Every structure is written in C-alpha cells, then in structure tokens.
2 protein chains.
Amino acid sequence: MTPPSGDASSGRGTGAYAGPAKRATILDVAAAAGVSRQTVTRAMNAMPGIRRETRQRVQDVARELGYTPSRFAKGLVQGARTSVGLSIPDLTNPYYPAFASSVVELATQRGWHVVMDDYGHGGATGAESVEHLAPQVDALIGYLGGATDEAQAILGRRPLVVLDQPAGSASGRISFDYGHAAQAALGHLQARGCRHLAYIDRADSEAGRATVAPGHRGERGHASGSAQEVVTARGQAFARSAAAAGVVLAVSVSPESAADARQVTRRLLEEHPRTDGIVVFNDLMAAGALKALAESGRAVPADCAVIGMDGIPLGELLTPELTTLALDLREVGRAAVELLDGLLTGSIEPGGPGSELVLRHRLVLRQSA
Amino acid sequence: MTPPSGDASSGRGTGAYAGPAKRATILDVAAAAGVSRQTVTRAMNAMPGIRRETRQRVQDVARELGYTPSRFAKGLVQGARTSVGLSIPDLTNPYYPAFASSVVELATQRGWHVVMDDYGHGGATGAESVEHLAPQVDALIGYLGGATDEAQAILGRRPLVVLDQPAGSASGRISFDYGHAAQAALGHLQARGCRHLAYIDRADSEAGRATVAPGHRGERGHASGSAQEVVTARGQAFARSAAAAGVVLAVSVSPESAADARQVTRRLLEEHPRTDGIVVFNDLMAAGALKALAESGRAVPADCAVIGMDGIPLGELLTPELTTLALDLREVGRAAVELLDGLLTGSIEPGGPGSELVLRHRLVLRQSA
DNA sequence: TGATTTTCCGTGAACGTTCACGCACCTGTC
DNA sequence: GACAGGTGCGTGAACGTTCACGGAAAATCA
C-alpha cells in the first residue's frame with residue numbers, strides 16, 4: 001500500500017506527468033484498490049466478469065497512481081504484436097516521405113507498429129541502422145544502400161524487404177525496371193527531335209554500388225562532373241539503352257541535391273552547349289537542372305527538354321512543370337507492406353517466387369519535355 | 001533438445017527467414033549447445049567470463065536455430081530502453097519530414113527508439129494516433145491538432161510534448177510567435193510599398209481550432225474562399241497585426257494543398273484585382289499562389305509580392321524563389337527532443353518553467369518579395 | 001605441495017503481466 | 001432443501017530474459 005511516487009495531493013488534478021519516479025505495478029494498484037492482480041487486469045482491459053463499480057474503482061486508483069501496464073510484461077505473456085522497422089536514408093529527400101507515409105498507413109491498418117530510423121543525417125550506414133532497429137522489431141523494410149546481406153545476417157530469420165537493391169540474401173525485394181524507364185525517356189526525347197542528349201547521374205553513394213560488376217563500368221559517355229563513371233543502376237540502364245539506340249549520351253555526375261545538380265548542369269551546358277535533352281537521376285536534382293537552364297538563358301523545353309525521375313509532388317510546382325518518370329510511391333509502399341505481410345504469414349517463401357517484385361516507372365508528360 | 005522449427009538442412013545456408021515457426025528460446029539454444037541459459041546470455045551480449053570457443057559455438061548454434069532474444073523478456077528484466085512515439089498528421093506535407101528527421105536523429109543519438117505514426121491519411125485524429133501509440137511508448141512528441149488534453153489523459157503520467165497547440169495539460173509545449181511573424185511579414189510588404197494586402201489561411205482543420213475563443217472571431221477582412229472566418233492561430237495573428245497597423249487585409253481560406261491554394265488565389269485576384277502583396281499560410285500553399293499569379297499574367301514580385309511561411313526547402317526551387325517566414329525545422333525537432341529529455345530525466349517539471357518554448361520565424365528574403 | 005586467485009560456468013530469483021483454473025456466493029428451479 | 005447455473009473474484013503457473021550469487025576447475029604463487 002505504498003504509492004511509488006509522491007502523495008496524490010501534489011499532482012495538479014489531471015494526470016500531468018509526475019516525473020520519472022519508480023513505476024507503479026499492477027500489484028500496487030491491486031493493493032491500493034483492495035483487489036487482486038487479475039481483477040485489475042479485468043478492469044484495465046475491458047474484460048467481462050467484473051462488477052461495474054469495481055471496475056470504476058480500480059480505474060480510478062490506477063489513474064491516481066499513474067499506472068501504465070508494462071508493454072514488456074504484456075508482450076511477453078501475450079505474444080508480440082508485430083512491429084516492423086523502417087529504415088530510410090534521408091527523410092529530408094522528398095522521395096522518401098511519400099513512401100514512408102504509405103508504409104506507416106498500411107502497417108497501422110494491419111495493427112503493426114512502425115519503428116522508424118532515418119540514418120543518413122548522422123552519417124550512419126544502412127547496416128548500422130538495421131543494427132539499431134533489429135533488437136526492437138520482428139521484420140524490416142528499408143532502403144539500405146547496399147547493405148542487404150549484412151542486414152539479413154543481423155536479422156537472422158526475420159523477414160527483410162529491401163528496395164532498389166540488387167539480388168541478395170534478403171527475404172524479399174522490390175526493384176525497378178530501369179531499362180524500361182530509360183527507353184521510355186530516351187525514346188520520348190528522340191521523338192521530340194532532341195539529338196544531343198545528356199544524363200545526370202547521382203554521385204557515388206553506397207546505394208546501387210553493388211550493381212557495378214567489377215571491371216564493367218557501363219558504356220559511359222562524357223563525364224563532365226569530376227570524371228567519375230556511371231555508378232548507379234539507373235545510370236547503367238541509361239548508358240546501355242543509349243548505346244543500344246545508337247545515341248550519344250553525355251553523362252555528368254552530381255551529389256544528390258538540387259544545388260549540386262544545378263552546378264553540374266551548368267558545367268555540362270558549357271562543355272556540351274548543343275545539349276537539347278536532359279534526363280536527371282531524380283526530380284529533386286532535375287529542379288536544380290531547370291534552374292541552371294534558366295540561368296543560361298535557355299527556354300525549357302524549346303531549347304532543351306528535361307525529364308526527371310520518381311514523380312514526387314514537387315515536380316508539379318516547378319516552372320516549367322516537370323515531365324518525369326513517375327513512380328507511384330504509395331504503391332511502392334503498398335507493395336513492400338504486402339510483400340512483408342506474405343513473408344510474415346508464410347504465404348510467401350523468402351527468396352522464393354513472389355518474393356521479388358519489379359515495378360515500372362510511367363512517363364508523365366508535363367511541360368518540361 | 002527439440003529445435004522448434006524444421007531441421008537445419010532445410011535452410012539455405014545463410015540465415016534466410018524460415019517462416020513464422022515457433023520462436024526458439026534461450027533454453028533451446030542452451031540445450032543444443034550443451035550449456036546453460038546464462039552462458040548463452042554471455043555469448044550473445046558480448047559479456048566477459050566465457051571462453052572464446054564456447055562463445056563461438058553458442059553463437060553458431062543460435063544462428064542455426066534462428067534464435068532472436070525476446071525484446072519483451074529483455075525489456076522486462078533490464079528496464080526499458082525509452083521509446084518515444086512520434087505523431088504526425090501527414091508526412092506527405094513537406095513541412096513534417098524535416099521535423100521528423102530531426103527528431104529521429106536526435107532521439108537515436110540518445111539511444112531512444114522512435115515509433116512513428118502518420119495518422120492523417122487513414123482519416124484518423126490525433127487522439128486516435130496517440131491511442132494507437134500509447135501502449136508502445138514511454139513518451140510522445142506530436143502535432144496532434146487540438147487533441148492535447150485527451151492525449152495527455154491517455155498517456156497518464158508519461159511526458160507529452162505538443163507542437164503548435166494552445167496551452168493545455170500537456171507536459172511540454174512548443175509554440176510559435178505568430179504575432180512576431182505577422183509583423184515581420186506585413187512590415188516588409190508595407191516597406192516595399194505594397195498597399196493592398198491579402199492573407200490566405202488554411203481552411204478549418206482540427207489544428208488550432210481551440211485557439212478561437214467563442215464569440216471572438218478575429219478582425220477578419222474579406223473572405224473570398226467560402227466565406228469562412230479565420231480559424232488558425234496564424235490567421236488570427238495576421239488579422240490582429242493588420243488591424244493594429246491600420247492595414248486592410250483580404251483573407252481567403254483554402255484547404256491545405258498547393259492546388260487548392262491556386263484556385264483560391266485565382267478567386268482572390270478576381271475579387272481584389274489590386275492586390276499587390278500576399279502572405280500565405282505555408283510554403284506549399286504559397287507555391288500554388290505563385291502558379292495562380294503567373295496564370296493571371298502578374299509578375300512576382302513586381303506586380304504582387306508573395307511571402308510564404310515555414311521555410312521548407314521547396315521554396316528555393318520555385319520560380320521565383322520564395323521569400324518566406326522560415327522556421328529551422330531541425331531546430332524545432334531539437335527543441336522538442338531536448339524538452340522531452342528534460343521531462344524524462346526530471347530536470348524539467350511538467351507544465352512548470354522551461355516546459356513551454358516559443359520559437360520565432362525568421363524572414364528569409366528571396367525573390368518573391 | 002598447499003593456498004590463493006582467476007577463469008569459466010551453472011542455479012535460484014525476479015521482472016510484471018495474462019491464462020487457466022477454482023472457489024465462494026447468489027439466484028432460481030423442482 | 002438440495003441442485004444447477006451463473007457472477008464475481010482470487011491463486012498458481014507461465015512467458016523469456018538477466019542479475020546476483022555460488023561453485024568447480026584451472027592457473028598462479030609461495
């Protein structure tokens with residue numbers, strides 16, 4: 001009968017937080033209410049077999065003591081509510097929030113909890129993120145940037161769904177058909193009459209690095225950035241697709257930000273002044289490219305057409321509005337959650353049929369091309 | 001000595017997820033390795049007092065059996081690692097990701113876990129979000145849209161930090177000095193020579209509704225939207241500030257999206273063709289306003305200046321680049337986490353001094369005003 | 001050799017909750 | 001007045017892990 005924290009009169013009536021005093025347990029409540037554990041359980045969980053007034057009294061005492069059932073004890077005895085980790089490199093990049101939002105929504109619908117990590121800002125890697133999340137979750141969805149195998153090793157038998165990664169040991173995988181995307185974009189530009197094409201790739205980051213087979217560097221064009229080769233899966237697809245179509249493609253490389261892409265585009269236009277069609281790694285970088293084009297006095301799309309990639313909402317707000325290879329990001333989230341659901345329920349075999357999904361970009365024509 | 005799942009030879013070598021079979025416990029591992037519980041614990045947690053080869057053998061067996069320590073049992077005996085809930089109405093709105101990213105980063109630095117909920121898309125309310133998160137977390141940070149008291153009641157004594165909400169029973173609160181923001185924006189427009197000002201408010205949502213004292217509807221100007229009154233705290237501040245400065249302010253109301261704001265701005269310009277300075281509820285809506293101004297053939301800022309609010313990265317990518325009342329969203333996240341930290345450690349008293357923080361917007365001059 | 005430390009490992013207890021029972025009491029029914 | 005069937009509540013056991021011990025064997029030292 002010893003309330004664990006200060007006396008009740010010190011509170012401010014409503015249940016304001018009373019500091020990190022020792023937590024009240026179900027036994028404290030039981031003692032204070034003059035009942036047993038089980039009755040407290042019945043009162044707190046809306047179970048039958050308890051008199052109305054007893055329930056009320058117990059609830060009052062519980063509130064008074066600031067009692068909150070231990071999620072650990074509860075989980076231990078009841079079996080886990082599934083909680084999934086969501087590992088994302090940078091929420092600040094507008095690509096990810098739409099995806100994350102979709103995952104959270106659909107996970108919540110299934111009664112799951114989502115433990116989120118945004119690992120890019122602290123300079124951490126995907127593997128470190130998984131390491132941080134692993135002890136807390138039953139499964140994981142993530143853009144891990146090349147750490148697939150390490151991540152699956154950390155998770156052991158727990159399902160892992162990776163996005164935009166080459167094949168690996170992950171239980172499930174969602175990837176994108178960049179060949180299709182490249183053909184659609186380059187084809188559209190050619191049909192428009194563009195003859196001097198360029199592609200601006202994202203600079204080396206962990207993501208996609210594993211896709212570059214050693215010794216095979218892609219058919220690269222002219223690197224105007226810092227003379228780096230094409231490193232991303234997207235870049236490779238564009239290089240291949242251009243080569244197959246007999247098109248010359250100037251390739252530049254930029255870190256992932258609009259400001260960087262702006263600079264790189266500026267240099268690209270100096271070195272290749274006749275460029276009349278540009279595809280950019282993603283919409284954010286495309287926004288930077290548009291800026292550079294405007295600065296150089298070029299009209300878009302009249303002098304130079306621009307196609308972005310991913311289809312984030314930002315594109316519609318730019319001037320001119322951005323033509324883009326759009327991905328329905330909510331759909332990507334849905335695919336990831338449903339795949340994970342299948343893996344959790346056992347209806348999909350890890351690494352087996354149905355555990356790999358390939359999604360396609362859709363060319364959305366707006367003003368810029 | 002009975003492995004809980006299928007025989008080991010059925011696995012594919014590397015630890016691929018083997019389906020939702022009954023989980024292996026520490027005892028299974030101990031039996032299979034021929035040691036005791038405690039030795040398994042020592043092996044798994046890098047504790048001293050175990051022979052190198054024993055550790056290795058136990059770890060191998062653990063991997064073989066797909067053993068993952070129960071976070072519930074662990075949490076129960078070790079005392080909780082704190083996990084905080086993060087409740088956000090809409091990750092799709094570019095305002096929130098930057099904030100969320102900052103919260104996740106700083107929480108992770110402290111060894112906390114972040115359980116995220118994005119409650120807007122399912123049509124849920126802030127209170128429902130808290131209800132969903134509550135059993136899983138030790139504290140909560142959130143943009144709850146008016147459900148402050150209900151949320152604190154659900155959480156009991158656990159700390160709650162609410163953002164952009166009027167005073168309530170929350171343990172901690174972070175709010176914004178909209179009076180200051182309004183003066184800065186209107187002052188700047190006046191100094192620029194703008195004489196016919198307008199403010200585009202966000203339409204009624206739960207957020208901020210509680211700030212409208214019954215009977216006091218703010219000195220509203222001309223509502224060109226659907227004749228609604230000013231409902232947000234921001235709107236009230238602008239109305240008050242305009243009245244104090246003797247400025248006429250046309251007020252329109254729009255749902256929160258760039259497309260909606262575009263339509264509303266179009267109507268505003270029809271009804272008030274001489275408008276030469278507009279402040280918009282947030283940057284996203286301001287992007288829509290810019291679109292409408294361009295459509296109407298007006299030059300920005302020459303014919304009409306525009307000021308947005310919040311300072312999301314989008315603003316820099318628009319044409320013209322958006323002048324805005326910027327908030328450092330990472331700073332907001334930092335404030336929230338530090339406040340929560342203080343509440344958790346007890347160095348800040350809930351509702352006491354230091355539990356309420358007021359942040360100010362800073363006028364960032366770019367091209368649009 | 002015997003005493004002392006060190007290394008390695010095992011056993012009881014505890015964390016806080018729910019589940020499966022079982023017991024006591026009340027309300028009818030024949 | 002005994003029996004059946006509820007209603008309301010309490011007690012042992014179990015969930016899976018770590019902590020605090022304690023003990024045996026091995027290593028070290030006098």
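Chain naming here is simple, since letters A, B, ... match the order of the sequence lines and numbering starts at 1 in each. The model shown is predicted, which means the values in this text are computed figures rather than measured ones.
Contact of A:Arg37 with D:dG12 (side chain to base): a donor-acceptor pair of N or O atoms is detected under 3.5 Å.
In this structure, B:Thr54 reaches the C:dC9 phosphate: one of its side-chain N or O atoms is under 4.0 Å from OP1 or OP2. Close to C:dG10, at under 4.0 Å from its OP1 or OP2, lies a side-chain N or O of B:Thr39. For the OP1/OP2 pair of D:dG8 and a distance below 4.0 Å, the side-chain nitrogens and oxygens of A:Arg42 include no atom meeting the criterion.
Looking only at atom types and distance, the side chain of A:Ser169 has a donor-acceptor partner in the side chain of A:Asp149 under 3.5 Å away. For the residue pair A:Glu356 / A:Ser175, no side-chain donor-acceptor distance below 3.5 Å is found, with atom types taken as modelled. Side-chain contact check for B:Ser101 and A:Asp118: at least one donor-acceptor pair (N or O, by modelled atom type) lies under 3.5 Å.
Computed from coordinates, the B:Met44 CE to D:dC19 C1' distance equals 18 Å when rounded to whole Å. The distance from atom CG of B:Leu65 to atom P of D:dG16 is 14 Å, rounded to the nearest whole Å. Separating the CG atom of A:Asp28 from the P atom of C:dG16 is a distance of 9 Å, rounded to the nearest angstrom. D:dG16 atom P lies 17 Å from atom CD of B:Gln38, rounded to whole Å. Summarising the geometry, the separation between CG on B:Asn45 and P on D:dT18 is reported as 5 Å, rounded to the nearest angstrom. The separation between A:Leu76 atom CG and C:dC19 atom P is 12 Å, rounded to whole Å. Rounding to whole angstrom units, CD1 of residue B:Ile50 and C1' of C:dT7 are separated by 12 Å. In this structure, B:Arg23 atom CZ and D:dG16 atom P are separated by 8 Å, rounded to whole Å.
Note on A:Thr41: a base of the nucleic acid sits closer than 4.0 angstrom, heavy atoms only. Residue A:Met47 is classed as a sugar-phosphate contact, given heavy-atom separations below 4.0 Å to backbone atoms only. B:Gln78 comes within 4.0 angstrom of the backbone, heavy atoms only, and of no base.
Residue B:Thr25 places its side chain closer to D:dG16 than to any other of D:dG16, C:dT18, C:dT11. For A:Ser36, the side-chain atoms get nearest to D:dT11 when compared with the rest of C:dG10, C:dT17, D:dT11. Nearest to the side-chain atoms of B:Ala73 among the listed nucleotides D:dT17, D:dC19, D:dC9 stands D:dT17.
Nearest-nucleotide mapping onto DNA chain C: of B:Val77 and B:Gly49, the residue sitting toward the 5' end is B:Gly49. Nearest-nucleotide positions on DNA chain D place A:Arg51 closer to the 5' end than the other of A:Arg51 and B:Tyr67.
Here the CG atom belonging to A:Leu86 is positioned 4.0 Å from the CD1 atom belonging to A:Ile88, to the nearest 0.5 angstrom.
Classified by interplanar angle (parallel below 30°, tilted 30° to 60°, perpendicular above 60°), the ring pair A:Tyr143/A:Phe99 is perpendicular.
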